[in-house]
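Small disclaimer: the values here were computed from a predicted structure and weren't measured.
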Amino acid sequence: MVATGSLSSKNPASISELLDRGCHPGSLLSDLDYWDYVVPEPNLNEVIFEESTCQNLVKMLENCLSKSKQTKLGCSKVLVPEKLTQRIAQDVLRLSSTEPCGLRGCVIHVNLEIENGCKKLDRIVCDSSVVPTFELTLVFKQESCSWTSFRDFFSRGRFSSGLRRTLILSSGFRLVKKKLYSVIGTTVIEEC
């Protein structure tokens, strides 16, 4: 039997139509009851909660970049590709979904990959009241197009200051998950 919206509503007209086709009344009602339990309605509260959690995580990541631009990156602007922080937040939520405390048990170490290594930007604790069960290391990548370094060469004139540099992030990133209380290895997600 195939479940459709009209059958699962137990509409008397639909049931009588099936009875006319030769379906046994007892099996018909038990089949309809079966589909009522197998295909649950989506919980809209969970969807809304996950979306708001994702948006809060996006804000945390953007605040981290904003705070780091003058203090640790030495630039006046950080250009972030569209939807980059959204994609990262979704991956963080997906990686935290299998953890006992979920996102609340997560600590995120935010880094920027530069020519000769990584620069630490910040440490984000998702919920300070929960003992962390896993760590994520997020590594942003710098855009490696030659015109930005060429433009910076010309912007070093007598009217520019050291903080006028613009940092452009790549759409790629690396996310490494490390479980703190488990013998299971690390998980690496590389987005290019």
Side-chain angles (χ1 to χ4, degrees), residues 3 5 8 33-75 77-144 167-192:
S8 65
D33 288 337
Y34 172 78
W35 285 109
D36 285 342
Y37 294 108
V38 171
V39 186
E41 292 293 320
N43 187 346
L44 296 179
N45 290 334
E46 283 182 23
V47 173
I48 291 169
F49 176 73
E50 185 174 316
E51 189 173 313
S52 68
T53 304
C54 188
Q55 290 307 313
N56 288 337
L57 193 52
V58 165
K59 287 178 186 174
M60 282 191 233
L61 292 170
E62 289 172 353
N63 286 338
C64 169
L65 289 171
S66 179
K67 286 189 310 186
S68 298
K69 71 181 175 186
Q70 289 184 355
T71 58
K72 297 186 180 174
L73 297 174
C75 62
K77 291 181 186 176
V78 176
L79 299 179
V80 181
E82 187 177 4
K83 305 283 185 186
L84 175 64
T85 52
Q86 180 79 26
R87 285 188 359 227
I88 293 170
Q90 289 170 345
D91 280 346
V92 167
L93 287 176
R94 186 172 49 79
L95 287 172
S96 65
S97 67
T98 59
E99 293 299 317
C101 297
L103 184 62
R104 294 176 55 225
C106 179
V107 173
I108 304 172
H109 299 279
V110 183
N111 300 308
L112 174 66
E113 187 176 88
I114 50 178
E115 305 88 37
N116 53 358
C118 277
K119 184 171 200 127
K120 293 180 181 181
L121 300 182
D122 204 355
R123 180 176 179 257
I124 299 172
V125 178
C126 295
D127 188 345
S128 59
S129 67
V130 175
V131 175
T133 58
F134 70 105
E135 291 179 340
L136 292 174
T137 302
L138 168 62
V139 181
F140 285 107
K141 296 181 179 184
Q142 189 174 0
E143 185 64 48
S144 60
L167 174 70
I168 301 173
L169 295 181
S170 167
S171 60
F173 64 91
R174 187 170 48 251
L175 197 56
V176 179
K177 178 179 179 180
K178 179 182 175 189
K179 293 183 174 244
L180 298 177
Y181 303 105
S182 177
V183 292
I184 299 174
T186 59
T187 304
V188 178
I189 295 179
E190 184 102 23
E191 293 278 339
C192 297

Next on the checklist: Counting neighbours of NZ on Lys72 that are heavy atoms of other residues, nucleotides or ligands and sit closer than 6.0 Å, is the number greater than 12?
Outcome noted: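 It does: Lys72 NZ has more than 12 such atoms within range.
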Next on the checklist: Determine whether Gln86 and Gln90 satisfy the following criterion, side-chain contact (heavy atoms from CB on, under 4.5 Å), listing intermediate values before the conclusion.
Outcome noted: CA-CA 6 Å; Gln86 180 79 26; Gln90 289 170 345; 3.4 Å; yes
Next on the checklist: Between Glu99 and Lys179, does any NZ, NE, NH1 or NH2 come within less than 4.0 Å of an OD or OE carboxylate oxygen?
Outcome noted: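 Counted as a salt bridge, because a side-chain N and a carboxylate O are separated by less than 4.0 Å.
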Which atoms form the tightest heavy-atom contact between [X] and [Y], and what is the distance?
| X | Y | answer |
| --- | --- | --- |
| Tyr181 | Pro132 | CE1-O, 3.1 Å |
| Lys119 | Ile114 | CB-CD1, 4.3 Å |
| Leu103 | Cys126 | O-CB, 3.2 Å |
| Gly102 | Phe134 | O-CE2, 3.4 Å |
| Leu84 | Ser171 | CD1-O, 3.4 Å |
| Ser129 | Arg104 | OG-NH2, 4.4 Å |

Atom [atom1] in [X], atom [atom2] in [Y]: separation rounded to 0.5 Å?
| X | Y | atom1 | atom2 | answer |
| --- | --- | --- | --- | --- |
| Cys54 | Ile88 | SG | CD1 | 11.0 Å |
| Lys77 | Leu167 | NZ | CG | 12.5 Å |
| Thr85 | Lys59 | OG1 | NZ | 11.5 Å |
| Phe140 | Ser68 | CZ | OG | 9.5 Å |
| Leu138 | Asn111 | CG | CG | 7.5 Å |
| Leu169 | Leu79 | CG | CG | 8.0 Å |

Checklist entry - For Arg94, does its backbone N or O pair with a side-chain atom of Ser97 as donor and acceptor, under 3.5 Å? => result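 Yes: the side chain of Ser97 pairs with the backbone of Arg94.
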Checklist entry - Is there side-chain contact between Glu50 and Thr53, with at least one heavy-atom pair below 4.5 Å? => result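 No - every pair of side-chain heavy atoms lies 4.5 Å or more apart.
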Item to check | Test item: Leu136 and Asp91 side chains (from C-beta on) under 4.5 Å apart, heavy atoms | outcome: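 In short, these two side chains do not touch, never coming nearer than 4.5 Å.
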Next on the checklist: Quick one, Leu61 with Val92, criterion side-chain contact (heavy atoms from CB on, under 4.5 Å). Give me CA distance, side-chain angles, the key distance, then yes/no.
Outcome noted: CA-CA 11 Å; Leu61 292 170; Val92 167; 5.8 Å; no
Checklist entry - After noting the C-alpha distance and the side-chain angles of Asp122 and Ile108, does the key distance pass the side-chain contact (heavy atoms from CB on, under 4.5 Å) rule? => result CA-CA 8 Å; Asp122 204 355; Ile108 304 172; over 6 Å; no
Next on the checklist: As a quick check of understanding, evaluate side-chain contact (heavy atoms from CB on, under 4.5 Å) for Lys141 and Arg174, giving each step before the final call.
Outcome noted: CA-CA 8 Å; Lys141 296 181 179 184; Arg174 187 170 48 251; 4.1 Å; yes
